[in-house]
Number of protein chains: 2
Amino acid sequence: MTSEDVLAVFKEAGALLEGHFILSSGRRSSVFLQKALVFSRPDLSEKLCKALAARLAADFGKIDVVAGPAVGGIIPGYELARHLGARAIFAERVDGQLQFRRGFSIAAGERVLIAEDIVTTGLSFRETVEALAKLPGEVVGGACIIDRSGGRADVGCKLISLAQVNFPDYAPDDLPPELQKIEAIKPGSRGLA
Amino acid sequence: MTSEDVLAVFKEAGALLEGHFILSSGRRSSVFLQKALVFSRPDLSEKLCKALAARLAADFGKIDVVAGPAVGGIIPGYELARHLGARAIFAERVDGQLQFRRGFSIAAGERVLIAEDIVTTGLSFRETVEALAKLPGEVVGGACIIDRSGGRADVGCKLISLAQVNFPDYAPDDLPPELQKIEAIKPGSRGLA
């Protein structure tokens, strides 16, 4: 599966939005990946996660637990675990910090993969590494469907992505002319009604 | 699949806890179903959701969208949608109210099933019905893996469950003697570290 194939799946799900968007990092971009629309489609999620799972064995070997940050990492983590024969757990933000709750546990010696849908700055990935550092088990690496940083993000472990894309993003006070003409919106927070 | 079979799956996942527990409704019980442990296992989730999906066709016909309340309803809703050939969306609490965000949409005429892992009082189910009332589409019914109310909960639509169980729950000031002897804990909030 090529990066173009992955973006074609996002387009099929109506998840490749073009305009002027405020990313969760606060930076701006002309492209927004409304990933939840892809992962609301089990057929498309299977396609992507199966392909990603196939790439991981060579680098990471056996995986016992797939761990990801809620909410975005829940379904990709689950679908990836389904193809790896592993368990899937997720960390939630409690008083600003990612924490594993709900009785989730990792036994000593278990091999843990961190998974996320999209990596942009790698922040929530690094926070998940920190949350896992308090638990038994060994983080063997990380995986994501799309790496928006084109491989530059420091995620705190080796990262394998299904697609690397280079949609430029900008500081709010350093926008290119074409973006300055379009009103910026924060798609993630837009309710339906 | 009988109710005993469903509870056996919960036991296999280590999700059937016995002691003195504070339920999310505030009521108390000697049994706590740590459902997240079941849905961290794709193999067990598939077993339960496939069986539930098979029960729904006769009553609800074709389903286009499975909608559930985050976070607990995300994986069961997704796995159920996978077996129904439907999309899966979830509502999140924003300022105390359940809302569909992340670009989730429902088209006029689409048939919507509400899904949750466990129903106790039916509150989050009714809140999901309210959130859906603002959107196009038709709620054709509801489904859950375990109905802890034994069929008594008012969920705001017809509910089909894979298992009905009758673990008694009590008001905090009206506990049976055996519970009074054991310190009450709130399992959902227990962190790992």
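Letters A, B, ... are given to chains in the order of the sequence lines, protein chains preceding strands, and every chain is numbered from 1. Keep in mind that what you see is a predicted model, and the values were worked out from it rather than measured.
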Trainee: Taking everything shown except Q180(B) itself, do over 12 heavy atoms lie less than 6.0 Å from its CD?
Mentor: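 Yes, because the 6.0 Å sphere around CD of Q180(B) holds more than 12 heavy atoms from other groups.
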Trainee: Determine, using the 4.5 Å side-chain heavy-atom cutoff (strictly less than), whether V65(A) and I160(A) are members of one ILVMFWY cluster.
Mentor: yes
Trainee: Once rounded to the nearest 0.5 Å, what's the spacing between atom CD of Q34(A) and atom CZ of R101(B)?
Mentor: 9.5 Å
Trainee: With rounding to the nearest 0.5 angstrom, report the CZ to CZ distance, R102(B) to F39(A).
Mentor: 12.0 Å
Trainee: At a heavy-atom distance under 4.5 Å, which candidate from I75(A), I74(A), V94(A) has the highest pair count against chain B?
Mentor: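 Winner by heavy-atom pair count: I75(A).
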Trainee: At a heavy-atom distance under 4.5 Å, which candidate from A131(A), G77(A), A36(A) has the highest pair count against chain B?
Mentor: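 When all of A131(A), G77(A), A36(A) are compared, A36(A) has the most.
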Trainee: Which atoms of A81(A) are under 4.5 Å from chain B, going by heavy atoms: the side chain, the backbone, both sets, or neither?
Mentor: both
Trainee: Which residues satisfy the ring pair (Phe, Tyr, Trp, His ring centres under 6.0 Å) test with F21(B), sequence neighbours excluded?
Mentor: F32(B)
Trainee: Are V71(A) and L98(A) linked, directly or through other ILVMFWY residues, by side chains that come within less than 4.5 angstrom of each other?
Mentor: no
Trainee: With clusters defined by side-chain heavy atoms of hydrophobic residues (ILVMFWY) lying less than 4.5 Å apart, directly or transitively, does L16(A) cluster with L179(A)?
Mentor: no
Trainee: Quick one: which residue pairs count as a salt bridge (Lys or Arg N to Asp or Glu O under 4.0 Å) with a foot in residues 15-25 of chain A, not counting sequence neighbours?
Mentor: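 Sorted pair list comes back empty.
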Trainee: Excluding sequence neighbours, so at least two apart, what forms side chain to side chain contact (heavy atoms under 4.5 Å, CB included) with S40(B)?
Mentor: R87(A), I89(A), F104(A)
Trainee: Should we say atom CD of E138(A) is surrounded by more than 12 heavy atoms from elsewhere, each under 6.0 Å from it?
Mentor: yes
Trainee: I'd like to know whether CD of E183(A) has more than 12 heavy-atom contacts from other residues, nucleotides or ligands below 6.0 angstrom.
Mentor: no
Trainee: Do any of residues 42-64 of chain B have a heavy atom less than 4.5 Å from a heavy atom of chain A, and if so, which, in residue order?
Mentor: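 The list, in residue order, reads P42(B), S45(B), E46(B).
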Trainee: With only heavy atoms counted, which part of A15(A) is less than 4.5 Å from chain B, the side chain, the backbone, both or neither?
Mentor: neither
